[in-house]
Amino acid sequence: MKNVVKSVKGTRDFYPDEMARRTWLVEKLKSASEAFGYQRYEGPCLETIDLYAAKSGEELVKEQAFVFEDRGGDPITLRPELTPTLARMVANQQNELVFPLRWWAFGPFWRYERPQKGRTREFYQWNIDLIGSDAVQADAELLAVAANFLKLVGLKSEMVQVLVNDRRLMDRKLTEIGINPQTKPELLRMIDRIDKQPADVWEKNVTALGLDGVQIDAIKSLLSNTQLWKESEELSQLFEYVNALGVGEYIRYEPKIIRGLDYYTGLVFEAHDVKGEFRAILGGGHYANLVGDVGGQPLPGVGFAMGDVVIMLVLEAYGLLPSDLSYPGTVFVTVFSEEMLVESIRLATELRENGFHVILAEPDKLARQFKLADRLGVKFALVLGPDELANETIVGKDLRTFEQHSIPRKEIGSFFG
RNA sequence: GUGCCUGUAGCUCAAUGGCAGAGUGCUUCACUGUGGAUGAAGAUGUUGAGGGUUCGACCCCCUCCAGGCACCCCA
C-alpha cells in the first residue's frame, strides 16, 4: 500500500456497492415507518454542548461525544444521539404541532468509542418516535414498526426476536423483594449485565450492593421467570395488541432486558439475533418526559433507534443483502467501431430521452466491451454494427440469460419495458 | 478509557532469523461481431508505519497507527 492519506479512525468509506446497500436499507426502514404514518424529519449534526447539559452526568455525552471549539471559541458537539435534538424541536413548536407526533429520521451520529465489530465512531441511525401518548397501544405500535421492518428485510422470527420488559413491573418486584429505592438504579444496571459477567463475580457485585442471599435468590428466580409479564396489566395488554398487529411471533418477554438509558420509565425493548452472535440490532422504550429538560411541557412517548452497522452484519450473515443493486435498470450501449461511434451516441441519446439510464462504451473489441458490461453488473447490452445499421435493427442482449434478439430500431424503447 | 490478540499481493492466507510464495482476482493471447468455461503467458509487495538488536529481520524488542475480542458504554 502506498502512502495514501488515512481516513479518520472508526469511519467508513461507502463505495458505490456499499452505498447502494445503505440506500436499500433506508428504503426499507422508510417503508416500515411510512406504513404507520410516520413522517421524516432531520436535525443538525452540530449542536451546542448546552443541549446535552441536562444529561451531562451521563457517560454518553461526557465521555463519548466529539466536542471541539468552533473558530469563535464556542464548544460544539457532534451529535451522539438524536433524542435531545428531537426534544428541542418538539419544545420549540409545542403549541403548533399535532399530537401524537409520529416522526422518524435517518442520519449520521458520532461517538468517541473504541471501534470493534458492530461499533464504529461514525455511524448511521434510524430513530423513530411516537410522542404525546401514554397508551399501551402506542408502545405496541412501535414494536409493530420494528417487527415489520425486520420482516420487510427478510429476517424471520426464527432469526431475530424483539425482547421486551417493563421497568414499572421490575420496580414493583424489586420492592416486593425488599430492595430499598436508593439501591434500585444500580441493581437494575447489574441485572442488565447479568449475562455478561461470570456468575460468581455477579453475585459478589450484587452482594456489595447490600443484598443478602435470600434476596439474590429471589432476583435470580425473577430473572428466569418468563411468565412474569402476566403480573403486569400493561404487558398483558401489549401482547394482546401485538398479536392483533400480526407480529406476535417476533415479540418475546425477557425479564433481563432493562436498558442502560435512565430516561425509560415503562416499556423497554431490544431486538437481537436469536443465536446471540451480534450486538443488539435496535433498542428503545417508553419515556415519561421527553421535553421537560429543554424547557417544554412534559410529554410522554415511545421510540427506538437502530444503527446501520449491526443490522447490516446480521443481514449479511443470513444472506439477505441484495446483490444486484449496482445497475438495476441501466442499458450498456456498445460501440462497434470508430466509424459507428456517432450512430451509437445517437442511439444512447434516444434511449436517455425515453427515460433509460445509459452507459456508452468506447470503441474497442466487442469481447472487451461485453466483459466490461459484465463486470459493471449491467443487465442489458446493445450492439449496433454495420449489419444492424443496414437493417435498421439493434441487437439487444440480456447479460444474465445470454439471450439475444434482433429488434427493429423503431421498437427499441419497448424492448426493456 | 483498561486488558489481550492480529496486521504479508486487490481478496483469502503460507513462509519463524537466511533469495517473499500459493490460491483467487487482474492484464494479454488462443477468439478480427459477443461477457459465465478451458488452456497459455504476464504483472502485481516500502511484509501497517517508524526505530532498535543482528553479518542478516515478515519473524526478536520498543513506539505509533489500524481493527478484532473482552471490559466500559451502547446503535
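In what follows, every heavy atom counts, from backbone to side chain, and hydrogens, waters and symmetry copies are set aside. Chain identifiers are assigned alphabetically (A, B, ...) following the order of the sequence lines, protein sequences preceding nucleic acid strands; residue numbering begins at 1 within each chain.
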What are the atom names and distances for every N/O pair under 3.5 Å that joins the protein to nucleotides 4-6 of chain B?
unit_1	atom_1	unit_2	atom_2	d
B/rC4	N4	A/Arg114	NH2	3.1

With a 3.5 Å cut-off and just heavy-atom distances, do the side chain of [X] and the base of [N] make a donor-acceptor pair?
{"X": "A/Arg111", "N": "B/rA75", "result": "yes"}
{"X": "A/Gln404", "N": "B/rU34", "result": "yes"}
{"X": "A/Glu113", "N": "B/rA75", "result": "yes"}
{"X": "A/Lys9", "N": "B/rG67", "result": "no"}

Test of understanding: with ring-ring contact (aromatic ring centres under 6.0 Å, His included), list the residues that count as partners of A/Phe370, not counting sequence neighbours. none
Base, sugar-phosphate alone, or nothing: which one does [X] contact when heavy atoms must sit under 4.0 Å apart?
{"X": "A/Leu399", "value": "base"}
{"X": "A/Asp387", "value": "base"}
{"X": "A/Arg121", "value": "nothing"}
{"X": "A/Arg193", "value": "sugar-phosphate"}
{"X": "A/Phe304", "value": "nothing"}
{"X": "A/Thr334", "value": "nothing"}

Rounded distance (Å) that lies between atom [atom2] of [N] and atom [atom1] of [X]:
{"X": "A/Leu313", "N": "B/rG67", "atom1": "CG", "atom2": "P", "value": "14 Å"}
{"X": "A/Arg375", "N": "B/rC11", "atom1": "CZ", "atom2": "C1'", "value": "14 Å"}
{"X": "A/Arg119", "N": "B/rG1", "atom1": "CZ", "atom2": "C1'", "value": "11 Å"}

Checking ring-ring contact (aromatic ring centres under 6.0 Å, His included) against A/Phe149, which of A/Trp126, A/Trp104, A/Phe106, A/Phe304 comes through? A/Trp126
Without swapping roles, check the side chain of A/Arg259 against the backbone of A/Tyr264 for a donor-acceptor pair under 3.5 Å. no
Taking salt bridge (Lys or Arg N to Asp or Glu O under 4.0 Å) as the test, write out the residues that go with [X], two or more places apart.
{"X": "A/Asp364", "answer": "A/Arg368"}
{"X": "A/Lys117", "answer": "none"}
{"X": "A/Arg252", "answer": "none"}

For RNA chain B, which residues in residues 28-42 of chain A have a heavy atom at a distance below 4.0 Å? none
Please list all pairs passing the side chain to side chain donor-acceptor pair (under 3.5 Å) test where one or both residues lie in residues 349-359 of chain A, with sequence neighbours left out. A/Glu350-A/Arg409
Here the side chain to side chain donor-acceptor pair (under 3.5 Å) pairs for residues 4-20 of chain A, sequence neighbours left out, are A/Arg12-A/Asp308
Enter the distance from A/Asp70:CG to A/Asp74:CG here, rounded to the nearest 0.5 Å. 4.5 Å
For A/Asn205, enumerate each residue passing the side chain to side chain donor-acceptor pair (under 3.5 Å) test, keeping only those at least two apart in sequence or located in another chain. A/Gln197
With sequence neighbours left out, what residues match A/Tyr253 under side chain to side chain donor-acceptor pair (under 3.5 Å)? A/Asn165
Give the dot-bracket line for RNA chain B from 5' end to 3' end: parentheses for intra-strand Watson-Crick or G-U pairs under 3.5 Å, square brackets for crossings, | for inter-strand pairing, dots for unpaired. (((((((..((((....[..)))).(((((.......))))).....(((((..]....))))))))))))....
Side chain of A/Ala367, heavy atoms from C-beta onward: which of B/rG35, B/rC72, B/rA75 has the nearest atom to it? B/rG35
Provide a list of protein-nucleic acid N or O atom pairs under 3.5 angstrom, restricted to nucleotides 39-41 of chain B.
none

So, does A/Arg259 get its side chain near the phosphate of B/rA75, meaning an N or O under 4.0 Å from OP1 or OP2? yes
Name the residue from A/Tyr287, A/Tyr38, A/Trp103 that meets the side chain to side chain donor-acceptor pair (under 3.5 Å) definition with A/Asp129. A/Tyr287
Between B/rG68 and B/rG52, how far apart are the C1' atoms? Round to whole Å, please. 28 Å
Please report the distance separating the P of B/rG3 from the corresponding atom of B/rA75, rounded so that it comes out in whole Å. 26 Å
Are A/Asp398 and A/Lys379 close enough for a salt bridge, meaning some N to O gap below 4.0 Å? no
